[in-house]
Amino acid sequence: MLTNHAKIMQFFSMADGVTGRKKLQKMIYILQKCNIPFEEKYHFHVYGPYSEELTLRVEELCNFGFLDETKEDKSNYFQYNYTITTDGAAFLQQFNLDMPSYQNKVDMLKERSSRFLELVSTMLYFDDLPIEETIEKVHTVKPKQKFSENEIEEAIQFIKDIKQP
Amino acid sequence: MAYRDEQLSEEKVFKDPVHRYVHVRDRVVWDLIATPEFQRLRRIKQLGTTNLTFHGAEHSRFNHSLGVYEIVRRIINNFQDRSHWNKEERLLCLCAALLHDLGHGPFSHSFEKVFKLDHEYFTQQIIVGDTNINKVLEQVSPGFSRDVADVIAKTYKDKLVVSLISSQIDADRMDYLQRDAYFTGVSYGHFDMERILRVMRPIEDQVVIKSTGMHAVEDYIMSRYQMYWQVYFHPVTRSAEVILSKILQRAKVLFEAEDFTFKLEPKHFLSFFNEDVKLEDYLKLDDTIVFYYFQQWQDEKDEILRDLCARFMNRHLFKYVEYAPNQPIDKWMELSRLFVEAGIDPEYYLVLDSSSDLPYDFYRPGEEGERLPINLLMPDGEIKELSRQSDIVEAISGKRRTDHKLYFPKDRIEALTDERIKQRMKEILYN
(Lines give C-alpha, C1' and ligand atoms only; values in the text may rest on other atoms or scores of the structure.)
Protein backbone atom coordinates (compact mmCIF):
# COMPACT_ATOMS: atom_id res chain seq x y z
CA MET A 1 0.00 0.00 0.00
CA LEU A 2 1.32 3.40 -1.05
CA THR A 3 4.54 1.76 -2.24
CA ASN A 4 4.48 3.71 -5.48
CA HIS A 5 4.08 6.92 -3.50
CA ALA A 6 7.07 5.91 -1.40
CA LYS A 7 9.17 5.30 -4.51
CA ILE A 8 8.46 8.84 -5.70
CA MET A 9 9.28 10.19 -2.25
CA GLN A 10 12.56 8.31 -2.31
CA PHE A 11 13.32 9.93 -5.65
CA PHE A 12 12.63 13.42 -4.25
CA SER A 13 14.82 12.62 -1.30
CA MET A 14 17.69 11.55 -3.57
CA ALA A 15 17.23 14.55 -5.85
CA ASP A 16 17.06 16.89 -2.84
CA GLY A 17 14.14 18.69 -4.45
CA VAL A 18 13.18 19.17 -8.09
CA THR A 19 12.54 22.37 -10.03
CA GLY A 20 9.84 22.23 -12.72
CA ARG A 21 7.01 19.83 -13.43
CA LYS A 22 8.20 19.15 -16.94
CA LYS A 23 11.67 18.29 -15.67
CA LEU A 24 10.19 15.99 -13.04
CA GLN A 25 8.11 14.17 -15.66
CA LYS A 26 11.11 13.60 -17.90
CA MET A 27 13.41 12.55 -15.05
CA ILE A 28 11.10 9.76 -13.92
CA TYR A 29 10.53 8.61 -17.50
CA ILE A 30 14.25 8.44 -18.24
CA LEU A 31 14.83 6.52 -15.00
CA GLN A 32 12.09 4.07 -16.03
CA LYS A 33 13.87 3.58 -19.32
CA CYS A 34 17.01 2.79 -17.29
CA ASN A 35 15.03 -0.05 -15.68
CA ILE A 36 14.42 1.73 -12.37
CA PRO A 37 11.04 0.24 -11.44
CA PHE A 38 8.72 3.25 -11.27
CA GLU A 39 5.24 2.16 -12.28
CA GLU A 40 3.67 5.35 -13.59
CA LYS A 41 2.27 4.93 -17.08
CA TYR A 42 3.53 7.29 -19.78
CA HIS A 43 2.04 8.37 -23.10
CA PHE A 44 3.10 10.90 -25.70
CA HIS A 45 1.90 14.44 -25.06
CA VAL A 46 2.86 18.00 -25.96
CA TYR A 47 6.35 17.91 -24.45
CA GLY A 48 7.02 14.24 -25.13
CA PRO A 49 6.42 11.36 -22.75
CA TYR A 50 4.06 12.45 -20.00
CA SER A 51 2.39 10.58 -17.16
CA GLU A 52 -0.98 11.68 -15.84
CA GLU A 53 -0.49 9.10 -13.08
CA LEU A 54 2.70 10.80 -11.95
CA THR A 55 0.97 14.19 -11.90
CA LEU A 56 -1.76 12.70 -9.74
CA ARG A 57 0.68 10.94 -7.43
CA VAL A 58 2.72 14.08 -6.84
CA GLU A 59 -0.46 16.01 -6.17
CA GLU A 60 -1.51 13.38 -3.64
CA LEU A 61 1.87 13.59 -1.93
CA CYS A 62 1.37 17.34 -1.64
CA ASN A 63 -2.13 16.77 -0.22
CA PHE A 64 -0.74 14.26 2.27
CA GLY A 65 1.65 16.99 3.42
CA PHE A 66 4.67 14.91 2.40
CA LEU A 67 5.83 17.25 -0.35
CA ASP A 68 6.00 21.00 -0.36
CA GLU A 69 5.10 22.64 -3.67
CA THR A 70 6.07 26.26 -4.25
CA LYS A 71 5.09 28.30 -7.29
CA GLU A 72 7.51 30.76 -8.83
CA ASP A 73 6.30 33.44 -11.23
CA LYS A 74 8.53 33.41 -14.31
CA SER A 75 6.66 36.30 -16.03
CA ASN A 76 5.10 34.21 -18.83
CA TYR A 77 4.70 30.97 -16.88
CA PHE A 78 4.83 29.47 -13.40
CA GLN A 79 7.55 27.15 -12.27
CA TYR A 80 6.88 24.63 -9.53
CA ASN A 81 9.48 23.50 -7.00
CA TYR A 82 9.16 20.41 -4.85
CA THR A 83 10.86 19.58 -1.56
CA ILE A 84 10.26 16.88 1.04
CA THR A 85 8.63 17.93 4.32
CA THR A 86 9.45 16.50 7.77
CA ASP A 87 6.26 14.39 7.62
CA GLY A 88 7.34 13.18 4.20
CA ALA A 89 10.73 12.10 5.51
CA ALA A 90 8.99 10.24 8.38
CA PHE A 91 6.64 8.54 5.91
CA LEU A 92 9.54 7.42 3.77
CA GLN A 93 11.32 5.92 6.77
CA GLN A 94 8.47 3.46 7.26
CA PHE A 95 9.26 1.79 3.95
CA ASN A 96 11.94 -0.66 3.09
CA LEU A 97 11.90 -0.24 -0.68
CA ASP A 98 13.37 -2.84 -2.94
CA MET A 99 14.95 -0.44 -5.44
CA PRO A 100 18.30 -0.61 -7.20
CA SER A 101 20.82 2.12 -6.49
CA TYR A 102 20.34 5.03 -8.88
CA GLN A 103 21.71 8.11 -7.11
CA ASN A 104 24.30 8.70 -9.86
CA LYS A 105 21.55 8.77 -12.50
CA VAL A 106 19.54 11.29 -10.50
CA ASP A 107 22.63 13.48 -10.23
CA MET A 108 23.19 13.29 -13.99
CA LEU A 109 19.57 14.22 -14.71
CA LYS A 110 19.34 16.99 -12.21
CA GLU A 111 22.05 19.10 -13.76
CA ARG A 112 20.43 19.05 -17.22
CA SER A 113 17.85 21.51 -18.57
CA SER A 114 14.23 20.49 -19.10
CA ARG A 115 14.66 21.14 -22.85
CA PHE A 116 17.53 18.66 -22.98
CA LEU A 117 15.60 16.10 -20.94
CA GLU A 118 12.63 16.60 -23.26
CA LEU A 119 14.88 15.64 -26.17
CA VAL A 120 16.38 12.66 -24.33
CA SER A 121 13.01 11.31 -23.22
CA THR A 122 11.53 11.74 -26.71
CA MET A 123 14.45 9.82 -28.20
CA LEU A 124 13.97 7.09 -25.62
CA TYR A 125 10.24 6.98 -26.44
CA PHE A 126 11.15 5.94 -29.96
CA ASP A 127 14.10 3.74 -29.04
CA ASP A 128 12.59 0.70 -30.73
CA LEU A 129 13.41 2.36 -34.08
CA PRO A 130 16.85 2.45 -35.75
CA ILE A 131 18.70 5.60 -34.65
CA GLU A 132 18.24 7.45 -38.00
CA GLU A 133 14.48 6.91 -37.78
CA THR A 134 14.45 7.93 -34.12
CA ILE A 135 16.08 11.25 -35.06
CA GLU A 136 13.65 11.74 -37.94
CA LYS A 137 10.76 11.01 -35.60
CA VAL A 138 12.02 13.57 -33.07
CA HIS A 139 12.00 16.24 -35.78
CA THR A 140 8.53 15.12 -36.95
CA VAL A 141 6.87 15.26 -33.54
CA LYS A 142 8.80 18.28 -32.29
CA PRO A 143 9.27 20.58 -35.30
CA LYS A 144 8.95 23.75 -33.20
CA GLN A 145 11.83 22.89 -30.85
CA LYS A 146 14.31 22.77 -33.74
CA PHE A 147 16.78 20.50 -31.96
CA SER A 148 20.23 20.93 -33.45
CA GLU A 149 22.55 18.13 -34.58
CA ASN A 150 24.84 18.93 -31.66
CA GLU A 151 22.01 18.60 -29.18
CA ILE A 152 20.98 15.28 -30.69
CA GLU A 153 24.53 13.95 -30.56
CA GLU A 154 24.82 15.07 -26.97
CA ALA A 155 21.55 13.31 -26.18
CA ILE A 156 22.76 10.06 -27.78
CA GLN A 157 25.91 10.18 -25.65
CA PHE A 158 23.90 11.05 -22.55
CA ILE A 159 21.62 8.05 -23.10
CA LYS A 160 24.66 5.77 -23.40
CA ASP A 161 26.13 7.18 -20.20
CA ILE A 162 23.00 7.11 -18.09
CA LYS A 163 22.12 3.57 -19.12
CA GLN A 164 25.42 2.28 -17.81
CA PRO A 165 24.98 0.30 -14.60
CA MET B 1 -9.79 0.87 -58.63
CA ALA B 2 -7.22 0.97 -55.84
CA TYR B 3 -8.30 -0.74 -52.64
CA ARG B 4 -8.04 2.52 -50.68
CA ASP B 5 -10.66 4.14 -52.96
CA GLU B 6 -12.94 1.13 -53.27
CA GLN B 7 -16.55 1.84 -52.29
CA LEU B 8 -19.25 -0.68 -51.37
CA SER B 9 -21.92 -1.11 -54.04
CA GLU B 10 -24.39 0.43 -51.65
CA GLU B 11 -23.99 2.21 -48.34
CA LYS B 12 -24.20 0.01 -45.24
CA VAL B 13 -25.66 1.35 -42.03
CA PHE B 14 -25.55 0.27 -38.39
CA LYS B 15 -28.54 1.35 -36.35
CA ASP B 16 -27.19 3.29 -33.40
CA PRO B 17 -29.11 4.66 -30.41
CA VAL B 18 -26.82 7.69 -30.06
CA HIS B 19 -26.11 8.78 -33.64
CA ARG B 20 -29.21 7.14 -35.19
CA TYR B 21 -27.14 5.58 -37.98
CA VAL B 22 -23.49 4.79 -38.52
CA HIS B 23 -22.76 4.99 -42.25
CA VAL B 24 -20.13 2.89 -44.01
CA ARG B 25 -19.25 3.25 -47.66
CA ASP B 26 -15.50 2.51 -47.72
CA ARG B 27 -14.53 -1.10 -48.41
CA VAL B 28 -11.51 -0.72 -46.09
CA VAL B 29 -13.69 0.32 -43.13
CA TRP B 30 -16.13 -2.50 -43.83
CA ASP B 31 -13.31 -5.04 -43.95
CA LEU B 32 -11.78 -3.73 -40.71
CA ILE B 33 -15.10 -4.10 -38.88
CA ALA B 34 -15.29 -7.71 -40.06
CA THR B 35 -11.92 -8.74 -38.56
CA PRO B 36 -11.86 -10.98 -35.47
CA GLU B 37 -9.80 -8.38 -33.58
CA PHE B 38 -12.51 -5.75 -34.06
CA GLN B 39 -15.39 -8.17 -33.44
CA ARG B 40 -13.72 -9.04 -30.14
CA LEU B 41 -14.71 -5.57 -28.91
CA ARG B 42 -18.33 -6.74 -28.80
CA ARG B 43 -17.32 -8.92 -25.84
CA ILE B 44 -15.73 -6.11 -23.82
CA LYS B 45 -17.98 -3.78 -21.90
CA GLN B 46 -17.23 -0.11 -22.40
CA LEU B 47 -17.67 0.77 -18.72
CA GLY B 48 -16.34 -2.34 -16.98
CA THR B 49 -17.97 -2.61 -13.57
CA THR B 50 -20.30 0.40 -13.95
CA ASN B 51 -23.26 -1.88 -14.69
CA LEU B 52 -23.21 -2.89 -11.02
CA THR B 53 -24.25 0.70 -10.26
CA PHE B 54 -26.14 1.69 -13.41
CA HIS B 55 -27.64 -1.54 -14.70
CA GLY B 56 -28.12 -0.22 -18.23
CA ALA B 57 -24.39 0.19 -18.78
CA GLU B 58 -23.96 -3.03 -20.73
CA HIS B 59 -22.75 -1.43 -23.96
CA SER B 60 -19.50 -2.57 -25.52
CA ARG B 61 -16.31 -1.07 -26.87
CA PHE B 62 -17.63 -2.13 -30.29
CA ASN B 63 -20.55 0.34 -30.03
CA HIS B 64 -18.24 3.13 -28.92
CA SER B 65 -15.65 2.48 -31.64
CA LEU B 66 -18.31 2.67 -34.34
CA GLY B 67 -19.60 5.86 -32.72
CA VAL B 68 -16.20 7.57 -32.80
CA TYR B 69 -15.80 6.53 -36.44
CA GLU B 70 -19.21 8.05 -37.26
CA ILE B 71 -18.40 11.37 -35.56
CA VAL B 72 -15.08 11.65 -37.41
CA ARG B 73 -16.85 10.76 -40.67
CA ARG B 74 -19.27 13.65 -40.12
CA ILE B 75 -16.49 16.07 -39.17
CA ILE B 76 -14.55 15.18 -42.31
CA ASN B 77 -17.66 15.66 -44.45
CA ASN B 78 -17.93 19.16 -43.02
CA PHE B 79 -14.23 19.82 -43.61
CA GLN B 80 -14.25 18.54 -47.18
CA ASP B 81 -13.94 21.81 -49.05
CA ARG B 82 -12.22 23.90 -46.42
CA SER B 83 -8.68 25.13 -46.75
CA HIS B 84 -6.13 23.57 -44.34
CA TRP B 85 -7.87 20.23 -44.74
CA ASN B 86 -5.89 17.60 -46.59
CA LYS B 87 -8.38 15.29 -48.31
CA GLU B 88 -5.67 12.63 -48.59
CA GLU B 89 -5.92 12.09 -44.83
CA ARG B 90 -9.59 11.09 -44.91
CA LEU B 91 -9.18 7.32 -44.84
CA LEU B 92 -6.39 7.54 -42.27
CA CYS B 93 -8.66 9.52 -39.93
CA LEU B 94 -11.54 7.08 -40.34
CA CYS B 95 -9.35 4.05 -39.66
CA ALA B 96 -7.70 5.66 -36.62
CA ALA B 97 -11.10 6.63 -35.22
CA LEU B 98 -12.47 3.13 -35.70
CA LEU B 99 -9.43 1.40 -34.22
CA HIS B 100 -8.42 3.78 -31.43
CA ASP B 101 -9.61 1.45 -28.62
CA LEU B 102 -8.66 -1.84 -30.23
CA GLY B 103 -6.20 -2.78 -27.49
CA HIS B 104 -8.65 -2.55 -24.62
CA GLY B 105 -9.08 -5.75 -22.70
CA PRO B 106 -11.76 -6.78 -20.23
CA PHE B 107 -11.89 -4.50 -17.19
CA SER B 108 -8.82 -2.71 -18.55
CA HIS B 109 -8.25 -0.51 -15.55
CA SER B 110 -7.84 -3.38 -13.07
CA PHE B 111 -5.92 -5.64 -15.44
CA GLU B 112 -3.49 -2.87 -16.31
CA LYS B 113 -2.91 -2.02 -12.69
CA VAL B 114 -2.35 -5.54 -11.42
CA PHE B 115 -0.47 -6.99 -14.38
CA LYS B 116 1.36 -3.78 -15.34
CA LEU B 117 -0.08 -3.64 -18.84
CA ASP B 118 -1.00 -0.77 -21.12
CA HIS B 119 -3.91 -1.09 -23.55
CA GLU B 120 -2.34 1.55 -25.80
CA TYR B 121 0.63 -0.74 -26.28
CA PHE B 122 -1.69 -3.53 -27.38
CA THR B 123 -3.58 -1.18 -29.71
CA GLN B 124 -0.26 -0.52 -31.42
CA GLN B 125 0.61 -4.21 -31.51
CA ILE B 126 -2.72 -5.22 -33.04
CA ILE B 127 -2.35 -2.57 -35.74
CA VAL B 128 1.28 -3.17 -36.72
CA GLY B 129 1.59 -6.85 -35.71
CA ASP B 130 0.69 -10.07 -37.50
CA THR B 131 -3.10 -9.64 -37.38
CA ASN B 132 -6.08 -9.47 -39.73
CA ILE B 133 -6.36 -5.76 -38.98
CA ASN B 134 -2.79 -5.24 -40.14
CA LYS B 135 -3.39 -7.20 -43.36
CA VAL B 136 -6.36 -4.98 -44.25
CA LEU B 137 -4.42 -1.79 -43.52
CA GLU B 138 -1.30 -2.84 -45.39
CA GLN B 139 -3.48 -3.62 -48.42
CA VAL B 140 -4.25 0.11 -48.54
CA SER B 141 -0.54 0.87 -48.96
CA PRO B 142 2.68 -0.36 -47.39
CA GLY B 143 3.25 1.59 -44.17
CA PHE B 144 -0.39 2.65 -43.83
CA SER B 145 -0.77 0.59 -40.65
CA ARG B 146 2.15 2.48 -39.11
CA ASP B 147 0.46 5.79 -39.92
CA VAL B 148 -2.78 4.65 -38.27
CA ALA B 149 -0.82 3.54 -35.21
CA ASP B 150 1.00 6.90 -35.11
CA VAL B 151 -2.24 8.89 -35.23
CA ILE B 152 -3.57 6.91 -32.28
CA ALA B 153 -0.28 7.28 -30.39
CA LYS B 154 -0.35 11.05 -31.07
CA THR B 155 3.01 10.87 -32.84
CA TYR B 156 1.76 11.42 -36.39
CA LYS B 157 3.17 14.39 -38.32
CA ASP B 158 -0.19 16.05 -39.03
CA LYS B 159 -1.39 17.34 -35.65
CA LEU B 160 -4.76 18.31 -37.10
CA VAL B 161 -5.46 14.64 -37.81
CA VAL B 162 -4.31 13.66 -34.31
CA SER B 163 -6.52 16.30 -32.67
CA LEU B 164 -9.67 14.82 -34.22
CA ILE B 165 -9.05 11.59 -32.30
CA SER B 166 -7.47 12.99 -29.16
CA SER B 167 -7.69 16.49 -27.79
CA GLN B 168 -9.83 18.20 -25.19
CA ILE B 169 -12.74 18.21 -27.63
CA ASP B 170 -12.35 15.11 -29.75
CA ALA B 171 -14.57 12.50 -31.34
CA ASP B 172 -13.67 9.96 -28.67
CA ARG B 173 -14.97 12.10 -25.79
CA MET B 174 -17.97 13.34 -27.71
CA ASP B 175 -19.05 9.77 -28.31
CA TYR B 176 -18.39 8.26 -24.89
CA LEU B 177 -20.07 11.08 -22.98
CA GLN B 178 -23.29 10.75 -24.95
CA ARG B 179 -23.19 6.95 -25.20
CA ASP B 180 -22.41 6.40 -21.53
CA ALA B 181 -25.15 8.89 -20.56
CA TYR B 182 -27.62 7.07 -22.81
CA PHE B 183 -26.85 3.58 -21.48
CA THR B 184 -26.51 4.53 -17.81
CA GLY B 185 -29.74 6.50 -18.10
CA VAL B 186 -28.38 9.58 -16.34
CA SER B 187 -29.48 13.03 -17.41
CA TYR B 188 -25.95 14.45 -17.51
CA GLY B 189 -23.70 13.97 -20.51
CA HIS B 190 -25.96 15.57 -23.05
CA PHE B 191 -24.81 18.46 -25.21
CA ASP B 192 -25.50 19.73 -28.69
CA MET B 193 -22.97 17.77 -30.72
CA GLU B 194 -24.52 18.71 -34.05
CA ARG B 195 -23.90 22.34 -33.19
CA ILE B 196 -20.28 21.67 -32.22
CA LEU B 197 -19.63 19.76 -35.43
CA ARG B 198 -21.07 22.63 -37.46
CA VAL B 199 -18.76 25.20 -35.87
CA MET B 200 -15.53 23.19 -36.00
CA ARG B 201 -12.95 24.63 -38.39
CA PRO B 202 -9.60 23.18 -39.47
CA ILE B 203 -6.78 25.72 -39.12
CA GLU B 204 -3.18 24.71 -39.77
CA ASP B 205 -2.37 22.09 -37.14
CA GLN B 206 -5.50 22.31 -35.01
CA VAL B 207 -9.28 22.32 -34.99
CA VAL B 208 -10.81 25.53 -33.66
CA ILE B 209 -14.39 26.39 -32.75
CA LYS B 210 -16.19 29.37 -34.23
CA SER B 211 -16.85 31.71 -31.30
CA THR B 212 -20.60 31.55 -31.96
CA GLY B 213 -20.46 27.92 -30.82
CA MET B 214 -18.89 28.73 -27.45
CA HIS B 215 -22.00 27.93 -25.42
CA ALA B 216 -22.33 24.49 -26.96
CA VAL B 217 -18.71 23.84 -25.96
CA GLU B 218 -19.39 25.10 -22.42
CA ASP B 219 -22.20 22.58 -22.22
CA TYR B 220 -19.87 19.82 -23.40
CA ILE B 221 -17.23 20.70 -20.77
CA MET B 222 -19.82 20.75 -17.99
CA SER B 223 -21.28 17.44 -19.21
CA ARG B 224 -17.87 15.92 -19.04
CA TYR B 225 -17.31 17.26 -15.53
CA GLN B 226 -20.63 15.86 -14.30
CA MET B 227 -20.22 12.49 -15.98
CA TYR B 228 -16.85 11.96 -14.31
CA TRP B 229 -18.13 12.56 -10.82
CA GLN B 230 -21.63 11.12 -11.18
CA VAL B 231 -20.86 8.06 -13.29
CA TYR B 232 -17.20 7.23 -13.88
CA PHE B 233 -16.05 7.80 -10.28
CA HIS B 234 -19.20 6.51 -8.61
CA PRO B 235 -18.07 4.99 -5.28
CA VAL B 236 -20.05 1.77 -5.79
CA THR B 237 -18.46 1.21 -9.18
CA ARG B 238 -15.08 1.90 -7.61
CA SER B 239 -15.83 -0.61 -4.87
CA ALA B 240 -16.44 -3.29 -7.50
CA GLU B 241 -13.26 -2.22 -9.26
CA VAL B 242 -11.30 -2.50 -5.99
CA ILE B 243 -12.58 -6.05 -5.44
CA LEU B 244 -11.83 -6.99 -9.04
CA SER B 245 -8.24 -5.79 -8.69
CA LYS B 246 -7.86 -7.72 -5.45
CA ILE B 247 -9.18 -10.91 -7.08
CA LEU B 248 -6.54 -10.63 -9.79
CA GLN B 249 -3.86 -9.82 -7.23
CA ARG B 250 -4.85 -12.81 -5.09
CA ALA B 251 -5.01 -15.20 -8.03
CA LYS B 252 -1.50 -14.12 -9.04
CA VAL B 253 -0.17 -14.62 -5.50
CA LEU B 254 -1.72 -18.10 -5.38
CA PHE B 255 -0.25 -18.95 -8.76
CA GLU B 256 3.19 -17.98 -7.45
CA ALA B 257 2.74 -19.92 -4.19
CA GLU B 258 4.46 -23.29 -4.27
CA ASP B 259 1.89 -25.01 -2.08
CA PHE B 260 -1.25 -24.02 -3.99
CA THR B 261 -2.82 -25.71 -7.00
CA PHE B 262 -5.91 -24.32 -8.66
CA LYS B 263 -8.76 -26.81 -9.09
CA LEU B 264 -9.22 -25.33 -12.53
CA GLU B 265 -5.97 -24.53 -14.31
CA PRO B 266 -6.15 -20.76 -15.05
CA LYS B 267 -4.69 -21.22 -18.51
CA HIS B 268 -6.08 -17.96 -19.92
CA PHE B 269 -4.30 -16.10 -17.13
CA LEU B 270 -0.93 -17.84 -17.18
CA SER B 271 0.86 -15.31 -19.34
CA PHE B 272 -0.65 -12.50 -17.25
CA PHE B 273 0.59 -14.10 -14.02
CA ASN B 274 4.01 -14.56 -15.60
CA GLU B 275 3.94 -10.94 -16.80
CA ASP B 276 4.85 -12.05 -20.30
CA VAL B 277 1.65 -11.41 -22.23
CA LYS B 278 1.87 -12.21 -25.93
CA LEU B 279 -0.58 -10.60 -28.32
CA GLU B 280 -2.36 -13.89 -29.03
CA ASP B 281 -2.91 -14.48 -25.28
CA TYR B 282 -4.17 -10.96 -24.87
CA LEU B 283 -6.68 -11.26 -27.70
CA LYS B 284 -8.13 -14.45 -26.23
CA LEU B 285 -9.25 -12.72 -23.06
CA ASP B 286 -12.63 -11.02 -22.90
CA ASP B 287 -15.40 -10.37 -20.35
CA THR B 288 -16.94 -13.83 -20.76
CA ILE B 289 -13.68 -15.64 -19.98
CA VAL B 290 -13.06 -13.48 -16.91
CA PHE B 291 -16.57 -14.14 -15.60
CA TYR B 292 -16.14 -17.87 -16.17
CA TYR B 293 -13.03 -17.96 -13.97
CA PHE B 294 -14.59 -15.76 -11.30
CA GLN B 295 -17.55 -18.14 -11.20
CA GLN B 296 -15.23 -21.13 -10.86
CA TRP B 297 -12.93 -19.50 -8.32
CA GLN B 298 -15.83 -19.26 -5.89
CA ASP B 299 -15.18 -22.99 -5.33
CA GLU B 300 -11.41 -22.74 -4.91
CA LYS B 301 -9.73 -23.77 -1.65
CA ASP B 302 -8.34 -20.34 -0.88
CA GLU B 303 -10.72 -18.48 1.40
CA ILE B 304 -9.74 -14.98 0.24
CA LEU B 305 -10.08 -15.75 -3.46
CA ARG B 306 -13.39 -17.52 -2.85
CA ASP B 307 -14.77 -14.65 -0.80
CA LEU B 308 -13.67 -11.89 -3.18
CA CYS B 309 -15.13 -13.71 -6.20
CA ALA B 310 -18.42 -14.30 -4.41
CA ARG B 311 -18.55 -10.63 -3.49
CA PHE B 312 -17.92 -9.58 -7.07
CA MET B 313 -20.34 -12.03 -8.68
CA ASN B 314 -23.13 -11.34 -6.19
CA ARG B 315 -22.52 -7.61 -5.83
CA HIS B 316 -21.73 -7.94 -2.17
CA LEU B 317 -19.31 -5.03 -2.29
CA PHE B 318 -17.07 -3.20 0.17
CA LYS B 319 -18.36 -0.15 2.00
CA TYR B 320 -16.33 3.03 2.13
CA VAL B 321 -15.50 6.12 4.15
CA GLU B 322 -13.98 9.37 2.95
CA TYR B 323 -10.27 9.44 3.56
CA ALA B 324 -8.72 12.80 4.30
CA PRO B 325 -5.20 12.80 2.90
CA ASN B 326 -3.87 14.93 5.74
CA GLN B 327 -5.08 12.38 8.33
CA PRO B 328 -2.15 11.22 10.48
CA ILE B 329 -0.58 8.16 8.92
CA ASP B 330 -0.31 6.41 12.31
CA LYS B 331 -4.13 6.00 12.44
CA TRP B 332 -3.96 4.22 9.13
CA MET B 333 -1.16 2.00 10.37
CA GLU B 334 -3.11 1.19 13.54
CA LEU B 335 -6.18 0.25 11.50
CA SER B 336 -4.07 -1.99 9.36
CA ARG B 337 -2.67 -3.70 12.50
CA LEU B 338 -6.19 -4.18 13.89
CA PHE B 339 -7.25 -5.88 10.68
CA VAL B 340 -4.34 -8.28 11.01
CA GLU B 341 -5.25 -8.93 14.66
CA ALA B 342 -8.83 -9.66 13.62
CA GLY B 343 -7.70 -12.13 10.96
CA ILE B 344 -8.76 -9.92 8.05
CA ASP B 345 -5.87 -9.47 5.64
CA PRO B 346 -5.55 -5.70 5.04
CA GLU B 347 -3.72 -6.33 1.79
CA TYR B 348 -7.06 -7.44 0.33
CA TYR B 349 -9.65 -5.91 2.63
CA LEU B 350 -8.46 -2.40 3.42
CA VAL B 351 -7.94 -0.44 0.26
CA LEU B 352 -7.29 3.25 -0.35
CA ASP B 353 -8.60 4.31 -3.74
CA SER B 354 -8.25 7.75 -5.33
CA SER B 355 -10.04 9.40 -8.24
CA SER B 356 -8.93 12.57 -9.86
CA ASP B 357 -10.04 14.64 -12.80
CA LEU B 358 -9.00 17.83 -14.47
CA PRO B 359 -12.13 18.90 -16.38
CA TYR B 360 -10.40 21.38 -18.66
CA ASP B 361 -6.88 22.66 -18.83
CA PHE B 362 -5.55 25.70 -20.59
CA TYR B 363 -2.13 26.03 -22.13
CA ARG B 364 0.74 27.36 -20.08
CA PRO B 365 3.73 27.91 -22.33
CA GLY B 366 7.13 26.71 -21.22
CA GLU B 367 6.49 24.97 -17.96
CA GLU B 368 3.48 22.69 -18.14
CA GLY B 369 0.10 22.28 -19.78
CA GLU B 370 0.22 18.86 -21.29
CA ARG B 371 -3.17 19.26 -22.88
CA LEU B 372 -3.83 21.30 -25.97
CA PRO B 373 -6.40 23.99 -25.24
CA ILE B 374 -9.71 24.51 -27.02
CA ASN B 375 -9.33 27.59 -29.17
CA LEU B 376 -12.09 29.85 -30.42
CA LEU B 377 -12.08 31.51 -33.81
CA MET B 378 -13.23 35.09 -33.27
CA PRO B 379 -15.16 37.05 -35.93
CA ASP B 380 -12.03 39.08 -36.76
CA GLY B 381 -10.06 35.89 -37.40
CA GLU B 382 -8.19 36.06 -34.11
CA ILE B 383 -7.72 32.86 -32.09
CA LYS B 384 -8.58 33.01 -28.39
CA GLU B 385 -8.31 30.30 -25.79
CA LEU B 386 -11.71 29.14 -24.45
CA SER B 387 -11.25 29.86 -20.74
CA ARG B 388 -10.35 33.49 -21.51
CA GLN B 389 -13.70 34.00 -23.18
CA SER B 390 -15.97 31.82 -21.09
CA ASP B 391 -16.55 32.60 -17.40
CA ILE B 392 -18.06 29.15 -16.85
CA VAL B 393 -15.05 27.33 -18.26
CA GLU B 394 -12.66 29.70 -16.54
CA ALA B 395 -14.22 28.75 -13.20
CA ILE B 396 -13.15 25.11 -13.58
CA SER B 397 -10.03 25.53 -15.71
CA GLY B 398 -6.88 23.95 -14.42
CA LYS B 399 -8.65 22.88 -11.22
CA ARG B 400 -8.08 19.26 -10.48
CA ARG B 401 -10.60 17.59 -8.22
CA THR B 402 -9.36 14.59 -6.27
CA ASP B 403 -11.21 12.27 -4.00
CA HIS B 404 -9.83 9.56 -1.69
CA LYS B 405 -11.88 6.74 -0.24
CA LEU B 406 -11.08 3.87 2.04
CA TYR B 407 -12.82 0.61 1.15
CA PHE B 408 -13.41 -2.27 3.57
CA PRO B 409 -15.87 -5.16 4.19
CA LYS B 410 -18.20 -3.68 6.79
CA ASP B 411 -19.95 -7.04 7.24
CA ARG B 412 -16.68 -8.64 8.39
CA ILE B 413 -16.11 -5.90 10.96
CA GLU B 414 -19.68 -6.17 12.25
CA ALA B 415 -19.26 -9.91 12.61
CA LEU B 416 -16.18 -9.62 14.85
CA THR B 417 -16.63 -11.08 18.32
CA ASP B 418 -13.76 -9.16 19.88
CA GLU B 419 -15.58 -5.97 20.96
CA ARG B 420 -12.35 -4.08 21.69
CA ILE B 421 -11.02 -4.50 18.16
CA LYS B 422 -14.42 -3.86 16.62
CA GLN B 423 -14.97 -0.62 18.52
CA ARG B 424 -11.49 0.70 17.85
CA MET B 425 -11.84 -0.04 14.13
CA LYS B 426 -15.13 1.83 14.04
CA GLU B 427 -13.66 4.76 15.93
CA ILE B 428 -10.87 5.13 13.41
CA LEU B 429 -13.12 4.60 10.40
CA TYR B 430 -16.03 6.78 11.37
CA ASN B 431 -14.47 9.54 13.47
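For the numbers below, each heavy atom of this structure counts, side chains included, while hydrogens, waters and symmetry mates do not. Naming convention: chains lettered A, B, ... in sequence-line order (proteins, then strands); numbering from 1 in each chain. These numbers were taken from a predicted model, which means no experiment stands behind them.
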Which residues share a side chain to side chain donor-acceptor pair (under 3.5 Å) with R238(B), sequence neighbours left out: D353(B), S355(B), D403(B)
Heavy-atom side-chain contact between L406(B) and E322(B) under 4.5 Å: no
Using a 4.5 Å heavy-atom cutoff, which residues in residues 126-139 of chain A come close to chain B? F126(A), K137(A)
K246(B) side chain to E347(B) main-chain N or O, any donor-acceptor pair under 3.5 Å? yes
Is a donor from one side chain sitting under 3.5 angstrom from an acceptor on the other, for Q206(B) and S163(B)? no
Do K7(A) and F11(A) come within less than 4.5 Å of each other through their side chains, counting heavy atoms only? no
Taking the inter-plane angle between the rings of F64(A) and H404(B) on a 0 to 90° scale, is it parallel (under 30°), tilted (30 to 60°) or perpendicular (over 60°)? tilted
Would you mind reporting whether D101(B) and T123(B) have side-chain heavy atoms less than 4.5 Å apart? no
May I ask you to say whether K252(B) pairs ionically with E275(B), meaning some side-chain N is under 4.0 Å from a carboxylate O? yes
Distance-only side-chain donor-acceptor flag, Q25(A) / K22(A), under 3.5 Å: no
Is it true that the side chains of E60(A) and T402(B) contain a donor and an acceptor less than 3.5 Å apart? no
Under a 4.5 Å heavy-atom criterion, the part of residues 96-111 of chain A in contact with chain B comprises none
Side chain / backbone / both / neither for D205(B) at chain A, heavy atoms under 4.5 Å: side chain
Note: K41(A)-E112(B) ion pair, threshold 4.0 Å (strictly below): yes
Examine the side chains of S121(A) and Y42(A) and answer whether a donor and an acceptor come within less than 3.5 Å of each other. no
Tell me, out of K154(B), K113(B), K157(B), who's got the most heavy-atom pairs with chain A below 4.5 Å. K154(B)
Parallel, tilted or perpendicular: which fits the ring planes of Y125(A) and Y29(A), with parallel below 30° and perpendicular above 60°? tilted
What residues of residues 144-165 of chain A make heavy-atom contacts with chain B at a cutoff under 4.5 angstrom? K144(A)
Side-chain donor/acceptor of T55(A) to backbone N/O of S51(A), under 3.5 Å: yes
